Amino acid sequence: MKKKVLVTGGTGFIGSHTVVELLQNGFETIIIDDLRNSQVEVLDRIQKITGIRPSFENFDLCDLPKLQDCCHRYPDIQAVVHFAALKAVGESVEKPLEYYGNNLISMINLLQVMREFKIPNLVFSSSCTVYGQPDLLPVTEHSPVKPANSPYGNTKQISEEIMRDTIAAVEGIKAISLRYFNPIGAHESALIGELPLGTPLNLVPYITQTAIGIREELRVFGNDYDTPDGTGIRDYIDVVDLARAHVKAIERLLNNKTKKNFEVFNLGTGKGLSVLDVVKTFEKATGQKVNYKIYPRRPGDISSVYADTTLANQELGWKADTPLEKTLLSAWNWEKNIRKKQNQ
């Protein structure tokens, strides 16, 4: 019998890729998503890639009675992968109450139903933002968690604290928190990828929308950071590599490969690249020029961060190894595919 995995935010960017990997690895998936940042058509695309249509529930995780009803209707859930959250650093600075309300209440509700329905395993979509601007690079799991630079980052820190406290108090729940660096790219089929609503808040969709002519120019926020070319440095990880790490984390929990009730892993490539590095690599990979202009820094942004991935490599048996050129080409193919569909 297939193991059931509940995936919150499963029609979103990282969630949809993770659902594909779970289905292809023999799991049954149930998606909860309110579609505020995604489209229901993603279910058709997941089915086209995998041949399987995941179960789907359309509601907000902040609605506890609906979440309880969902767990009644899907008994024997073995694990949860929790993606559902608001996630833009800049927007969180402008709308802190919305971010605290949504991201924390949904986490509390989820842990409540895990306790109530005896769901034993949780994989949490966390973020390298918990480290703030690190004193030393690369960042390890032992790097200090610093005061957050944004309400978004703070919700990830607080969510991890809520998880730790709950796991310490409730017998039978284990969790792994995966601290992502910067997910980019799309599935090689070009059927699923990052689809921001409105103006993109992440670098790569802004690059692809500029290259295809939707945006007049790419806005590069800050060229006066203490980096080789003055633009911010991040660790850009292919979204399919990232999705595979979630399968590894689920298997680790289900197979009792750890004696710890709560673990943290950094997910990145271990290599830092500047904004302009990514722009130049995109131009080389696709043959498309990108018109860009320098703007002042954004509130909440930091200078440099990239991962030490040794722990995830050794303990999860996972490594991000997709070349950046291939990842950026997948993002470009996805951009062209969705514009073609819109114009049909």
Side-chain angles (χ1 to χ4, degrees), residues 8-9 12-15 36-37 61-62 82-108 110-111 122-165 175-184 194 196 200-204 206 221-222 225-227 231-237 239 242 245 262-268 272 275 296-309 312:
T8 72
F13 175 40
I14 305 168
R36 78 174 77 177
N37 285 314
L61 276 183
C62 292
H82 181 37
F83 294 105
L86 300 175
K87 63 180 182 65
V89 170
E91 184 183 58
S92 77
V93 174
E94 296 164 13
K95 300 177 178 178
L97 289 178
E98 285 86 341
Y99 270 69
Y100 285 116
N102 182 81
N103 294 4
L104 299 183
I105 291 169
S106 61
M107 170 56 84
I108 291 165
L110 194 56
L111 288 166
L122 172 63
V123 174
F124 176 54
S125 164
S126 192
S127 168
C128 66
T129 57
V130 302
Y131 299 114
Q133 177 59 69
D135 298 321
L136 294 171
L137 292 172
V139 177
T140 75
E141 288 79 0
H142 298 295
S143 298
V145 171
K146 293 190 167 187
N149 285 57
S150 68
Y152 162 71
N154 206 22
T155 66
K156 293 299 184 185
Q157 290 184 12
I158 296 167
S159 289
E160 287 193 359
E161 290 167 4
I162 293 169
M163 287 163 61
R164 275 196 188 93
D165 291 344
I176 292 176
S177 186
L178 299 176
R179 293 175 177 169
Y180 311 161
F181 282 67
N182 289 66
I184 58 171
E194 190 168 7
L201 296 166
N202 294 331
L203 175 61
V204 171
Y206 216 127
F221 295 103
Y225 288 107
D226 184 17
T227 63
T231 63
I233 286 177
R234 300 290 182 270
D235 187 336
Y236 295 95
I237 176 174
V239 66
L242 184 64
F262 183 75
E263 291 185 295
V264 170
F265 294 101
N266 288 341
L267 298 184
V275 172
R297 298 182 186 190
R298 288 183 301 192
D301 278 348
I302 61 171
S303 169
S304 301
V305 65
Y306 55 95
D308 181 327
T309 61

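Since the model is a prediction, treat every value here as computed from it, not as a measurement. Both backbone and side-chain heavy atoms feed into the values below; hydrogens, waters and symmetry mates do not.
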_For a side-chain contact (heavy atoms from CB on, under 4.5 Å) check, start with the C-alpha distance between Leu86 and Asn37, then their side-chain angles and the critical distance, and finish with the verdict._
CA-CA 9 Å; Leu86 300 175; Asn37 285 314; 4.0 Å; yes

*In Å, rounded to the nearest 0.5 Å, how long is the span from OG of Ser177 to NZ of Lys156?*
8.0 Å

*Say whether, by atom type as modelled, one donor and one acceptor occur between the side chain of Ser150 and the main chain of Gly153 under 3.5 angstrom.*
yes

*asked:* Could you check whether any side-chain heavy atom of Val93 comes within less than 4.5 Å of a side-chain heavy atom of Pro151, counting everything from C-beta outward?
replied: yes

*So which heavy atom on Gln133 is nearest to which on Lys146, and how close?*
O-NZ, 3.0 Å

_So which atom in Val130 and which in Val145 form the shortest heavy-atom distance, rounded to 0.1 Å?_
O-CG1, 3.3 Å

_Under the side-chain contact (heavy atoms from CB on, under 4.5 Å) test against Asn103, which residue among Thr155, Leu61, Ile158 passes?_
Thr155

*asked:* Less than 4.5 Å apart, side chain to side chain, heavy atoms only: is that true for Asn182 and Val204?
replied: no

*Rounded to the nearest 0.5 Å, what's the gap from OG on Ser126 to OH on Tyr180? Could you check?*
8.5 Å

*asked:* With heavy-atom distances below 4.5 Å as the criterion, would you say the side chains of Pro183 and Glu194 are in contact?
replied: no

_Nearest atoms (heavy-atom pairs only) where Pro134 meets Gly132_ = CD-O, 3.1 Å

*Which value, rounded to the nearest 0.5 Å, describes the distance between Glu160 atom CD and Asp165 atom CG?*
12.0 Å

*asked:* Set out, in order, the CA-CA distance, both residues' side-chain angles and the distance that settles side-chain contact (heavy atoms from CB on, under 4.5 Å) for Ile233 and Ser303, then state yes or no.
replied: CA-CA 6 Å; Ile233 286 177; Ser303 169; over 6 Å; no

*asked:* Any heavy-atom pair between the side chains of Leu267 and Arg179 that's under 4.5 Å?
replied: no

*In Å and rounded to the nearest 0.5 Å, what is the CD1 to NZ distance from Ile14 to Lys87?*
7.0 Å

*What heavy-atom pair brings Asn102 and Cys62 nearest, and what distance separates the two atoms?*
O-SG, 3.7 Å

*Between the side chains of Tyr100 and Asn154, does any donor sit under 3.5 Å from an acceptor?*
yes

*Heavy-atom pair of closest approach, residues Ala175 and Met163*: CB-CE, 3.7 Å

*Heavy atoms only: give me the nearest Val89-Pro299 pair and the separation to one decimal.*
CG1-O, 4.4 Å

_side chain to side chain donor-acceptor pair (under 3.5 Å) assessment of Glu91 paired with Tyr152_ = CA-CA 8 Å; Glu91 184 183 58; Tyr152 162 71; over 6 Å; no

*CG-CD1 distance between Asp235 and Ile184, expressed to the nearest 0.5 angstrom*: 9.5 Å

*Would you sort out whether Thr8 and Met107 count as a side-chain contact (heavy atoms from CB on, under 4.5 Å), showing the intermediate values?*
CA-CA 10 Å; Thr8 72; Met107 170 56 84; over 6 Å; no

*Test side-chain contact (heavy atoms from CB on, under 4.5 Å) applied to Leu137 and Ser304, step by step*: CA-CA 8 Å; Leu137 292 172; Ser304 301; 3.8 Å; yes

*asked:* Please report the interatomic distance CG(Asp301) to OH(Tyr225), rounded to the nearest 0.5 Å.
replied: 4.5 Å

*Verify the distance criterion only: is there a donor paired with an acceptor across the side chains of Asn266 and Tyr131 at less than 3.5 Å?*
yes

